[in-house]
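Presented below is the structure to which this report refers.
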2 protein chains.
Amino acid sequence: MNQNSKRYDGDTWSKLEEIREIVIHSIASNIDLYGVPHSIGRLYGTMYFHNEPMTLDEMRDALGMSKTSMSTGVRSLLDIKMVNKTYQKGVRKDLYRVEEDWYNSFFYLFSSKWGRAVRQNERQIRKAKEMLEELLEETSDPSLTEIIERDLGKMEHALEYYDWLKRLIKSFETEEIFRFIPKQSPKQPSGHSHASSQESEAN
Amino acid sequence: MNQNSKRYDGDTWSKLEEIREIVIHSIASNIDLYGVPHSIGRLYGTMYFHNEPMTLDEMRDALGMSKTSMSTGVRSLLDIKMVNKTYQKGVRKDLYRVEEDWYNSFFYLFSSKWGRAVRQNERQIRKAKEMLEELLEETSDPSLTEIIERDLGKMEHALEYYDWLKRLIKSFETEEIFRFIPKQSPKQPSGHSHASSQESEAN
DNA sequence: ATGTTTGTACAGTTTCTACTTTACAAACTT
DNA sequence: AAGTTTGTAAAGTAGAAACTGTACAAACAT
């Protein structure tokens with residue numbers, strides 16, 4: 001079962017590893033979009049092709065890095081739900097496997113990182129808006145009121161944008177986005193192109 | 001016109017700056033999502049409230065940083081189109097102002113960073129897929145073919161996901177996303193809630 | 001209990017990133 | 001022409017991030 005423990009035709013096997021390396025490298029060099037360092041991207045890629053759950057020791061051996069790094073690395077992948085902890089009876093060590101559903105990983109990234117940022121900015125801007133309104137009442141100087149009103153306009157505009165972002169993120173969380181961008185691309189059988197409303201199987 | 005060169009009621013003015021500082025700080029502490037360092041986030045926030053275009057020297061004075069930092073900082077903001085270069089007759093210095101449309105900034109981030117990543121990963125995975133298919137033909141060992149087929153399945157799955165991401169990004173670029181998530185949130189006057197198809201003014 | 005395995009906290013090292021200072025080229029002025 | 005001004009390249013520095021080795025606590029085995 002475990003393709004790492006058996007010895008197949010060595011030539012084919014090394015070719016396979018070469019191919020996998022291409023993909024792993026590509027993943028690793030783009031994973032910074034998830035705020036994850038390159039080397040941990042390699043870890044992710046390695047786990048992606050390793051079909052069974054992995055232990056920290058296996059990761060260490062596979063990547064030639066320290067076990068501590070594997071521990072912290074897998075933890076950061078766990079935080080953004082790119083890997084999951086699994087359990088297997090009779091196995092003492094912690095086991096991890098990659099989250100197979102990449103849509104989930106993508107959505108979770110937004111829900112967490114972007115969602116957090118949006119909420120914070122929204123809160124601060126709301127606070128600023130209130131303070132500006134208060135300040136506006138206390139001010140008589142017309143050139144100053146003009147500036148305050150301009151700032152207020154910016155705050156309104158910003159709040160509108162953050163509200164939009166929140167709705168976008170929600171459409172990810174609820175997977176309603178699939179109503180608009182379906183998982184399987186439209187095969188254009190005959191009719192119109194966009195905004196088809198076919199159902200998508202959520203998992 | 002320029003609120004920095006005149007002297008208004010000092011008390012009100014400092015209160016205003018205090019309020020702005022709240023917003024600037026909040027923006028700066030979340031701008032890492034755009035791959036921009038904190039201090040350059042402050043630069044962005046400062047420019048955001050400074051209603052006229054700014055020169056590098058003004059930035060240096062406003063932030064107390066080196067002119068070189070301002071130069072590289074504003075360049076990185078320029079790269080992701082969060083600021084624009086502007087021209088003003090009779091002015092020798094380069095002038096910059098923030099991109100007012102935050103939707104644009106957000107969309108451009110995806111179009112550039114994510115789009116680039118998607119294209120690269122897609123290309124590499126397509127290459128890997130071809131190589132795997134080739135390898136599959138040369139292989140007789142049944143346990144080995146099983147593994148190759150499993151990898152091939154992963155590649156298919158990945159390509160499907162990247163296709164989806166590409167369509168999502170395209171919906172940003174074309175602003176068709178606004179058909180699904182309109183700029184102004186539905187005021188729920190009476191009817192249904194989501195997927196309204198009202199038009200949005202593109203700018 | 002004593003001994004072993006497993007994961008992580010902590011301290012130290014290296015490597016990288018965000019700056020600053022200096023120096024200079026290009027564009028403008030006189 | 002020589003002298004300014006303006007933006008950036010290059011080199012150096014300080015601090016942060018990524019990684020390693022050691023030490024240890026918790027869980028399990030005997």
Side-chain angles (χ1 to χ4, degrees), chain A residues 24-25 27-47 50 52-80 82-97 113, chain B residues 24-25 27-47 50 52-80 82-97 113:
Chain A
I24 292 172
H25 179 75
I27 291 174
S29 66
N30 289 124
I31 206 160
D32 60 295
L33 292 171
Y34 283 78
V36 171
H38 185 90
S39 66
I40 305 305
R42 292 197 62 81
L43 171 60
Y44 178 85
T46 305
M47 292 175 75
H50 189 101
E52 281 82 35
M54 284 183 91
T55 67
L56 291 178
D57 288 315
E58 285 172 330
M59 297 175 198
R60 167 175 48 69
D61 294 341
L63 299 181
M65 292 177 70
S66 72
K67 197 173 173 182
T68 307
S69 288
M70 299 302 93
S71 177
T72 58
V74 88
R75 178 181 288 268
S76 65
L77 290 174
L78 216 46
D79 284 344
I80 56 177
M82 288 183 72
V83 308
N84 300 311
K85 206 167 185 173
T86 60
Y87 303 94
Q88 209 165 307
K89 51 186 172 188
V91 179
R92 250 176 80 186
K93 306 187 184 191
D94 293 357
L95 290 168
Y96 303 93
R97 59 168 160 67
K113 298 206 188 227
Chain B
I24 292 172
H25 178 76
I27 290 174
S29 65
N30 289 122
I31 206 161
D32 61 295
L33 292 171
Y34 283 78
V36 170
H38 185 90
S39 66
I40 306 305
R42 291 195 63 81
L43 171 59
Y44 178 86
T46 305
M47 293 175 76
H50 189 102
E52 281 82 35
M54 284 183 92
T55 68
L56 291 179
D57 288 315
E58 286 171 329
M59 296 175 201
R60 168 175 48 69
D61 294 340
L63 297 182
M65 291 177 71
S66 74
K67 198 174 174 183
T68 307
S69 287
M70 299 300 94
S71 178
T72 58
V74 88
R75 178 180 289 266
S76 64
L77 290 173
L78 217 44
D79 284 344
I80 55 178
M82 288 183 72
V83 308
N84 300 312
K85 206 168 184 171
T86 60
Y87 303 94
Q88 209 165 306
K89 49 188 174 188
V91 178
R92 249 176 81 187
K93 306 187 184 192
D94 293 356
L95 289 168
Y96 303 93
R97 59 169 161 66
K113 297 207 188 227

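Keep in mind that this is a model prediction, so the values were computed, not measured. Each chain gets a letter, A, B and so on, in the order the sequences are listed, and its residues count up from 1.
Looking at heavy-atom distances under 4.0 Å, B:Ser39 makes contact with sugar-phosphate atoms alone, never a base.
Without hydrogens or angle criteria, B:Ser71 side chain to B:Lys67 main chain gives no donor-acceptor distance under 3.5 Å. Between the A:Ser69 side chain and the A:Met65 main chain, no donor and acceptor come within less than 3.5 Å of each other.
In this model, the phosphate group of D:dA27 is not approached by any side-chain N or O of A:Arg92 to a distance below 4.0 Å at OP1 or OP2.
Taking atom CZ on B:Arg75 and atom C1' on D:dG7, their separation rounds to 9 Å, with Å as the unit. Summarising the geometry, the separation between CD1 on B:Ile31 and C1' on C:dA18 is reported as 15 Å, rounded to the nearest angstrom. Separating the CG atom of A:Leu78 from the C1' atom of C:dT8 is a distance of 14 Å, rounded to the nearest angstrom. Summarising the geometry, the separation between NZ on A:Lys93 and P on C:dT8 is reported as 14 Å, rounded to the nearest angstrom. B:Leu77 places its CG atom 13 Å from the P atom of C:dA18, with the value rounded to the nearest Å. Between B:Asp94 atom CG and D:dT5 atom P there is a gap of 17 Å when expressed in whole angstrom units. Per the geometry, NE2 belonging to B:His38 stands 12 Å off P belonging to D:dA16, to the nearest Å. As rounded to whole Å, 16 Å separates atom C1' of D:dT6 from atom CE of B:Met54.
Each of B:Asp57 and A:Pro37 was matched to the nucleotide of DNA chain D holding its nearest heavy atom; the match closer to the 5' end belongs to B:Asp57.
We find the NZ-CG distance between A:Lys113 and A:Asp79 to be 9.0 Å, quoted to the nearest 0.5 Å. Within the model, atoms CE of B:Met59 and CE of B:Met70 stand 8.0 Å from one another, a figure rounded to the nearest 0.5 Å.
The two residues A:Arg97 and A:Thr86 make their nearest non-hydrogen contact at NE-CG2, 3.1 Å. For the residue pair B:Val36 and B:Ile80, the shortest heavy atom distance occurs at CG2-CD1, 3.5 Å.
Here the nucleotide nearest the side chain of B:Leu56, chosen from D:dG7, C:dT8, C:dC19, is D:dG7.
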Exercise for review: Apply side chain to side chain contact (heavy atoms under 4.5 Å, CB included) to the pair B:Ile40 and B:Ser76, showing each step before the final yes or no.
Suggested key: CA-CA 9 Å; B:Ile40 306 305; B:Ser76 64; 4.2 Å; yes
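Residues of residues 59-74 of chain A having a heavy atom closer than 4.0 Å to DNA chain C, listed by number: A:Lys67, A:Thr68, A:Ser71.
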